[in-house]
Amino acid sequence: MALLPLLLLLLLRIVASAPASLPATALFVLGDSTASCAATTLPINLSLTSSSGTCLFPSAHRLLPDLLAAKMGLPPPPLISTLNGTAAEVARGVNFAGEDGGRGAIFRLGAVGQQLRLATETLQLLRLEAPTPQDADAAAARAVFILSFGTDAYARVLSRGSEADASAPKHGRRGLARLLADRVARAVEELYEAGARRTAVMGVAPLGCAPRVMWEGLHVVDGRSCVEEANELVQGYSARVAARLAALRPRLPGADIVFCDIYKGIMDIITHPARFGFDETRKACCGLGPFGGTVGCLTKEMVCPTPQRHVWWDLYSPTEVVTSLLANWSWSAPSHSNTTICRPITLEMLTGHMSPISPSKS
């Protein structure tokens with residue numbers, strides 16, 4: 001027992017002498033319509049689509065990567081399609097979302113491969129322009145990569161009719177969890193091989209509570225509950241991708257790999273709406289029909305007068321107030337709440353803005 005104090009002292013000295021993780025200087029984003037307004041492949045969800053790639057109603061719907069960039073002290077990463085391909089343009093980050101290799105390719109997982117190729121080419125460009133190989137390694141290590149896939153794929157497979165039948169993988173709805181989780185995990189591994197060391201993978205929202213799925217599942221819901229089968233599919237994906245990432249960590253030395261459970265965060269809001277200032281957890285702020293889920297958001301005139309009181313913005317997307325909460329909970333663990341959605345560390349730690357061994361704030 002007398003050795004225990006000495007061992008603790010030695011451990012503290014080792015930790016104290018370890019170099020702190022430097023703050024990230026760039027943010028790179030890969031994903032679907034949760035990551036960029038230019039990336040949606042859902043033809044009935046028009047509020048996220050514009051020729052410039054920016055949201056039609058930015059005051060009502062900013063996306064999670066932009067909010068996280070602000071917390072990092074960075075501007076929103078520009079879409080790859082707006083850049084000329086110079087190292088100076090991409091040095092602080094790029095949003096690759098929307099580069100899907102063709103309409104509907106997000107379901108077929110082509111989007112992951114296409115965006116991954118662009119991301120690795122960007123890292124190669126930065127490496128070529130760096131003064132030394134050491135500078136290139138340092139720049140890659142100080143970049144954060146966010147991957148946000150799955151929402152568009154599950155929205156398509158949960159829809160009714162021929163579109164869902166055509167989109168379903170050969171292994172069925174439940175097979176999508178394995179296919180998508182495996183592809184995302186491979187993308188994380190390939191980014192690591194290209195030099196990335198800080199990666200966060202975002203989960204999928206509880207789409208069984210989304211207005212479109214609620215409307216299509218009217219025969220199985222009472223107006224207050226959600227479509228449980230749909231939520232079970234999403235939870236299956238969350239569990240699968242979290243397990244795949246956990247298996248990767250010991251195989252990728254020097255890498256920090258984080259999974260953020262978006263499902264958990266939004267379900268906490270839906271379960272306890274008054275706690276977070278919401279009073280409408282089912283109906284879209286911008287949409288027509290039952291739950292606002294029959295027709296998506298087409299014009300500003302369709303927007304509800306109190307979007308800040310709604311959980312859902314349109315057919316599948318949360319409002320910016322919800323997204324802001326998710327950004328806060330991803331960034332740091334709130335001391336007054338159990339809503340910690342990222343593991344094994346927060347994004348504040350991942351980005352080097354707080355040490356994992358820093359004392360908690362009083």
Side-chain angles (χ1 to χ4, degrees), residues 26-42 45 48 53 55 61-72 74 76-80 93-100 105-107 109-116 118-119 143-156 176-177 179-188 190-191 196 198-207 210 234 237-238 240-242 244-245 257-266 313 316-318 320 322-331 341-343 346-347 350-351:
L27 177 63
F28 295 93
V29 180
L30 296 79
D32 55 19
S33 63
T34 58
S36 166
C37 294
T40 183
T41 62
L42 305 175
N45 202 21
L48 295 180
C55 300
H61 194 91
R62 286 188 296 169
L63 301 180
L64 186 57
D66 295 340
L67 298 175
L68 293 174
K71 289 181 177 294
M72 295 170 63
L74 296 173
L79 289 172
I80 184 67
V94 179
N95 191 330
F96 300 101
E99 300 302 317
D100 61 9
I106 280 181
F107 187 90
L109 309 185
V112 185
Q114 172 73 358
Q115 294 181 37
L116 179 63
L118 292 170
V144 171
F145 288 78
I146 291 179
L147 280 67
S148 184
F149 292 98
T151 293
D152 287 9
Y154 274 101
R156 280 183 173 275
L176 177 59
L179 293 173
L180 184 58
D182 290 353
R183 186 64 190 95
V184 168
R186 287 202 306 274
V188 172
E190 291 176 44
L191 285 171
R198 310 186 200 188
T199 305
V201 174
M202 300 294 167
V204 175
L207 296 181
V234 173
Y237 167 69
S238 295
R240 181 90 186 193
V241 74
R244 292 286 282 110
L245 297 178
I257 303 170
V258 175
F259 173 67
C260 294
D261 194 345
I262 301 301
Y263 181 99
K264 177 183 177 182
I266 295 182
W313 167 248
Y316 303 104
S317 310
E320 185 180 333
V322 170
T323 304
S324 295
L325 287 172
L326 295 174
N328 292 339
W329 296 338
S330 301
W331 187 253
I341 65 174
C342 294
R343 58 184 187 269
T346 65
L347 296 191
L350 180 71
T351 61

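For reference, positions follow the sequence shown, starting with 1.
Residues Tyr154 and Leu176 are in side-chain contact: their nearest non-hydrogen atoms beyond the backbone lie under 4.5 Å apart. Counting only heavy atoms from C-beta outward, the side chains of Asn95 and Ile80 never approach each other to under 4.5 Å. Inter-residue side-chain proximity for Arg244 and Phe259 is flagged as unmet; no heavy-atom pair is nearer than 4.5 Å. Looking at Val234 and Pro206, their side chains never come closer than 4.5 Å, going by heavy atoms from C-beta outward. Side-chain contact between Val322 and Ile266 is present, with heavy atoms from C-beta onward closer than 4.5 Å. Looking only at side-chain heavy atoms (C-beta outward), Val94 and Pro77 stay at 4.5 Å or farther from each other. Ile262 has its side chain within reach of Leu64: a pair of non-hydrogen atoms, C-beta onward, lies under 4.5 Å apart. Using a 4.5 Å heavy-atom threshold, the side chains of Val112 and Leu147 count as separate.
Between the side chains of Ser148 and Thr34, at least one donor N or O lies within less than 3.5 Å of an accepting N or O. Between the side chains of Ser33 and Asp152, at least one donor N or O lies within less than 3.5 Å of an accepting N or O.
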Chi angles and distances behind the side-chain contact (heavy atoms from CB on, under 4.5 Å) call for Asp182, Arg240
CA-CA 8 Å; Asp182 290 353; Arg240 181 90 186 193; 3.9 Å; yes
Should Val241 and Phe149 be marked as a side-chain contact (heavy atoms from CB on, under 4.5 Å) after you check the CA-CA gap, both sets of side-chain angles, and the distance that decides it?
CA-CA 11 Å; Val241 74; Phe149 292 98; over 6 Å; no
Output, in order, the C-alpha distance, side-chain angles, deciding distance and verdict of side-chain contact (heavy atoms from CB on, under 4.5 Å) for Leu68 and Ile146.
CA-CA 10 Å; Leu68 293 174; Ile146 291 179; 3.6 Å; yes
Could you walk me through whether Thr323 and Arg62 pass the side-chain contact (heavy atoms from CB on, under 4.5 Å) test, one step at a time?
CA-CA 8 Å; Thr323 304; Arg62 286 188 296 169; over 6 Å; no
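Minimum heavy-atom separation, Leu116 to Leu30: N-CD2, 3.7 Å. The minimum heavy-atom distance linking Leu27 with Ala69 is given by the pair CD2-CB, 3.7 Å.
Using the six-membered ring where Trp is involved, Phe28 and Phe96 have ring planes that are parallel, under 30° apart on the 30 and 60° scheme.
Distance alone, capped at 3.5 Å, places no donor-acceptor pair between the Thr346 side chain and the Cys342 backbone. Judged purely by atom type and a 3.5 angstrom limit, Ser324 uses its side chain to pair as donor or acceptor with the backbone of Glu320. A donor-acceptor pair under 3.5 Å is formed between the side chain of Arg198 and the backbone N or O of Thr351. Side-chain N or O atoms of Asp32 include one that pairs as donor or acceptor with a backbone N or O of Gly150 at under 3.5 Å.
Residue Met202 holds its CE atom at 11.0 Å from CG of Asp261, rounded to the nearest 0.5 Å.
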